[in-house]
Amino acid sequence: MASGCGLRARVAALGGGMVILAVLTACAGPYQYYGGTGIHDTTAAEVAGGWENVEGTHVVLRKDGTAVVEKLDGQDFDFEDGWRLSGTGTWQLTDDGQVVRLALTARTRVESRSPTVTDASAPDPRSTYAWSFYVDRDQHAELKLFFFYGDPDIGNTYLMTREIGS
């Protein structure tokens with residue numbers, strides 16, 4: 001009988017530990033602990049050029065470190081506000097060729113992702129903004145850039161591919 005009580009105590013302790021672990025990781029979305037794509041051989045020359053998104057976004061990363069942004073949505077929860085920014089800025093390849101940091105330094109235009117929805121309570125986007133794009137390669141070893149958007153627990157990715165002819 002003593003061994004039965006010991007077994008129950010161990011199961012209860014294990015169950016309690018699992019509950020604590022579940023509580024501690026409940027809001028840990030995929031990108032919160034994202035370690036990157038494992039791509040570390042990308043060069044700035046490879047990243048320079050035109051990039052596009054299926055939603056009509058265009059980004060030009062010039063070799064001199066300047067950038068032109070057209071209709072780029074907000075990253076993370078800012079995406080939910082529905083604005084799209086256009087303007088000029090700077091970019092750099094960081095984290096051993098794994099992340100492109102894009103900074104909008106001069107906003108020229110703000111658009112809404114959905115022209116039929118105008119929410120007066122939505123905050124006006126900042127005149128400057130910064131994105132962090134992860135660098136990855138597809139099955140053909142072609143570069144692609146992406147960031148996470150929306151609720152971090154969902155793990156949605158905003159994908160940019162090379163512009164045709166770029």
Side-chain angles (χ1 to χ4, degrees), residues 14-44 46-61 67-87 89-105 107 110-119 121-126 128-164 166:
L14 179 61
M18 294 298 281
V19 168
I20 291 170
L21 182 62
V23 168
L24 292 174
T25 61
C27 293
Y31 89 93
Q32 291 177 344
Y33 302 107
Y34 187 66
T37 60
I39 304 295
H40 297 286
D41 62 346
T42 310
T43 66
E46 280 183 287
V47 174
W51 295 89
E52 62 187 355
N53 176 279
V54 296
E55 300 293 325
T57 299
H58 295 277
V59 174
V60 177
L61 305 175
V68 177
V69 174
E70 184 180 332
K71 299 180 183 178
L72 186 54
D73 294 285
Q75 187 169 350
D76 299 325
F77 280 114
D78 290 337
F79 182 85
E80 314 258 338
D81 292 333
W83 47 256
R84 309 183 89 201
L85 299 178
S86 297
T90 61
W91 73 277
Q92 64 178 335
L93 184 65
T94 63
D95 297 336
D96 297 323
Q98 184 167 278
V99 175
V100 172
R101 307 257 189 238
L102 173 61
L104 181 75
T105 55
R107 184 179 81 184
V110 178
E111 296 178 37
S112 174
R113 191 175 322 107
S114 176
T116 59
V117 176
T118 53
D119 184 2
S121 67
D124 185 39
R126 295 164 278 204
T128 62
Y129 194 80
W131 294 265
S132 294
F133 287 91
Y134 290 102
V135 178
D136 201 2
R137 294 189 189 274
D138 65 16
Q139 65 272 19
H140 304 291
E142 297 293 323
L143 284 182
K144 59 185 180 177
L145 306 177
F146 71 93
F147 63 77
F148 292 102
Y149 70 89
D151 185 337
D153 291 327
I154 296 173
N156 292 321
T157 55
Y158 192 93
L159 180 65
M160 301 288 293
T161 56
R162 185 68 73 182
E163 271 185 343
I164 301 203
S166 180

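Here the structure is a predicted model, which is why all the values come from computation and not from measurement.
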Measure across [X] and [Y] and return the closest heavy-atom pair with its distance rounded to 0.1 Å.
| X | Y | answer |
| --- | --- | --- |
| T57 | R84 | OG1-NH2, 2.8 Å |
| L102 | A67 | CD1-CB, 3.5 Å |
| D151 | D153 | OD1-N, 2.8 Å |
| E46 | T42 | OE1-CA, 3.4 Å |
| Y129 | Q75 | OH-N, 3.0 Å |
| V69 | L85 | CG1-O, 3.5 Å |

Tell me whether the NZ or CZ atom of R113 lies within the 45° cone about the ring axis of W83 and under 6.0 Å from its centre.
no
4.5 Å side-chain heavy-atom contact, [X] and [Y]:
| X | Y | value |
| --- | --- | --- |
| K71 | E55 | no |
| V135 | V99 | no |
| L145 | L61 | yes |
| D76 | Y149 | no |
| L143 | W51 | yes |

For the CD atom of Q98 and the OG atom of S132, what is their distance to the nearest 0.5 Å?
11.5 Å
Which distance, rounded to the nearest 0.5 Å, do you find between the CZ of F148 and the CG of N156?
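One gets 9.5 Å once the value is rounded to the nearest 0.5 Å.
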Salt bridge present between D41 and R137 (N-O < 4.0 angstrom)
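Looking at R137 together with D41, the answer is yes, because their closest N to O distance falls below 4.0 Å.
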Give a yes or no answer on whether the side chain of [X] reaches the backbone of [Y] with a donor-acceptor pair at less than 3.5 Å.
| X | Y | result |
| --- | --- | --- |
| W91 | A48 | no |
| T128 | T105 | no |
| N53 | L159 | yes |
| T161 | K144 | no |
| E80 | F77 | no |

Please work out which of the three classes, parallel, tilted or perpendicular, describes the rings of Y158 and F147, given edges at 30° and 60°.
parallel
Under the side chain to side chain contact (heavy atoms under 4.5 Å, CB included) rule, what do L104 and W131 come out as? Steps first, then yes or no, please.
CA-CA 8 Å; L104 181 75; W131 294 265; 3.8 Å; yes
